[in-house]
Amino acid sequence: MAVADRIIVPLDVASEREALALVERLPQVTFWKVGLELFVSSGPGILEQLKQRQKRIFLDLKLHDIPNTMAGACRAAARYGVDLLTVHAAAGKTALVDCLEAAQTGAADVGIQPPQIIAVTLLTSIHARALAFELKVSLELTDYALQMALLAQESGLSGVVCSPQEAAALRQVLGSEFALVCPGVRPAWAGKNDQQRSMSPADAMQAGATYLVIGRPITAAAEPAAAFEQICQEISE
Ligand code: C5P
């Protein structure tokens with residue numbers, strides 16, 4: 001896979017108009033992330049627009065519901081021709097297995113490839129104290145995230161979202177085929193923003209990331225296209 005195809009840029013904007021302006025500004029970007037805010041505000045029209053431009057799509061909806069409802073959403077998302085789709089591992093094995101099957105059915109309905117289903121193990125907004133005292137989970141945070149990743153793998157999912165800090169350890173346990181999708185990536189020349197424990201693109205790749213989700217260092221740069229090129233260059237070196 002070419003380096004540029006391993007960088008996913010989030011469309012963290014509130015309207016289809018703003019999203020398409022960003023896409024036009026960055027023709028080199030081949031893989032875009034559509035998250036909840038944009039999907040809820042623009043509807044599936046944005047997916048069609050991206051497909052028309054031959055872009056790959058990471059539909060980051062982080063689905064979490066009863067198995068039947070999650071499966072229905074996966075079936076529908078697969079028909080749009082998205083490439084990656086997120087669900088919460090904590091929904092449980094039945095839900096994950098059903099999601100996988102539904103995505104295959106949805107894609108087959110329209111004669112296309114199914115998306116890779118990617119699990120969210122634990123939201124980074126849940127810190128150790130919240131896990132223990134609010135969610136009443138007695139495992140250590142990293143162990144819980146690992147257990148959720150193993151559950152996703154056992155259920156047949158294609159990968160997990162994880163911090164680049166966890167990538168090396170997960171890669172070792174989960175093997176070379178499992179996809180690790182890593183946000184929290186910052187080149188040395190970019191501001192950290194709200195990413196506390198970030199890692200450089202080259203280090204994250206070295207640690208075993210399959211895809212890097214990199215937003216503001218590219219989208220908020222004075223010259224976004226140059227920033228994207230610079231990141232590709234750094235990874236290739
Ligand atoms: O601008 P930035 O590079 O921080 O954007 C990272 C993207 O990855 C955002 O869309 C953000 O919501 C997402 N993300 C994250 N940290 C997580 C999970 C997702 O930054 N733990």
Side-chain angles (χ1 to χ4, degrees), residues 4 6-15 18-19 22-23 25-26 29 31-42 46-47 50 55-64 82-90 116-128 130-131 135 141-142 144-146 148-149 152 159-167 169-170 179-205 207 209-228 230-232 234-235:
R6 298 175 65 176
I7 300 176
I8 303 176
V9 181
L11 286 165
D12 286 332
V13 292
S15 70
E18 290 167 276
L22 199 51
V23 172
R25 217 172 156 199
L26 281 161
V29 173
F31 213 149
W32 290 97
K33 176 165 94 82
V34 175
L36 268 178
E37 182 184 8
L38 179 59
F39 192 71
V40 171
S41 70
S42 75
I46 182 63
L47 306 180
L50 290 167
K55 302 300 182 185
R56 291 200 294 158
I57 302 170
F58 173 15
L59 185 57
D60 188 20
L61 298 184
K62 299 188 176 70
L63 301 172
H64 192 172
V82 301
D83 299 275
L84 302 179
L85 174 66
T86 46
V87 300
H88 276 276
Q116 292 195 309
I117 308 283
I118 304 292
V120 173
T121 55
L122 181 67
L123 296 170
T124 40
S125 50
I126 303 292
H127 44 70
L131 187 70
L135 305 188
L141 199 139
T142 49
Y144 178 77
L146 174 63
M148 289 301 104
V160 289
V161 179
C162 68
S163 149
Q165 315 280 346
E166 300 163 355
L170 288 178
L180 301 179
V181 181
C182 298
V185 178
R186 287 289 177 272
W189 40 266
K192 293 244 177 290
N193 309 112
D194 44 11
Q195 300 287 4
Q196 306 294 340
R197 291 162 58 246
S198 59
M199 206 185 250
S200 78
D203 288 348
M205 285 295 194
T210 313
Y211 295 107
L212 306 180
V213 180
I214 311 179
R216 287 160 291 179
I218 298 168
T219 57
E223 292 190 50
F228 180 77
Q230 167 90 27
I231 290 171
C232 291
E234 284 177 20
I235 295 171

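When a ligand or atom number is given, it counts from 1 through the structure's own listing order. When a residue number appears, it is its place in the shown sequence, counting from 1.
- Side chains of S163 and E166: a donor-acceptor N/O pair is absent below 3.5 angstrom, by distance only.
- Heavy atoms only, all atoms of each residue included: P164 and A207 are closest at O-CB, 4.2 Å.
- Within ligand 1, the atoms closer than 4.0 Å to a non-hydrogen atom of D12 are 9 (C), 10 (O), numbered from 1 in the order shown.
- The nearest heavy-atom contact from the protein to atom 12 (O) of ligand 1 is K33 NZ, 4.1 Å.
- Ligand 1 has no N or O atom lying under 3.5 Å from any N or O atom of G184, backbone or side chain.
- Residue-ligand proximity, P183 to ligand 1, at heavy-atom distances under 4.0 Å covers atoms 8 (O), 14 (N), 15 (C), 16 (N), 17 (C), 18 (C), 19 (C), 20 (O).
- For the pairing with E18, the side chain to side chain contact (heavy atoms under 4.5 Å, CB included) check across V23, V13, L38 returns one residue only, V13.
- The closest heavy-atom contact to atom 3 (O) of ligand 1, among the options S198, A220, G215, comes from G215.
- Set against the non-hydrogen atoms of V213, the atoms of ligand 1 under 4.0 Å away are 7 (C), 8 (O).
- Under a 3.5 Å cut-off, the side chain of R6 and the backbone N or O of A209 do form a donor-acceptor pair.
- Contact atoms of ligand 1 toward T124: 17 (C), 21 (N) (distance under 4.0 Å to a heavy atom of the residue).
- For F31 and F58, the ring centers are positioned 6.0 Å apart or more.
- The existence of a salt bridge linking D194 and R216 is confirmed by a sub-4.0 Å separation between a basic side-chain nitrogen and an acidic carboxylate oxygen.
- Considering Q195, R216, R186 only, the shortest heavy-atom separation from atom 20 (O) of ligand 1 involves Q195.
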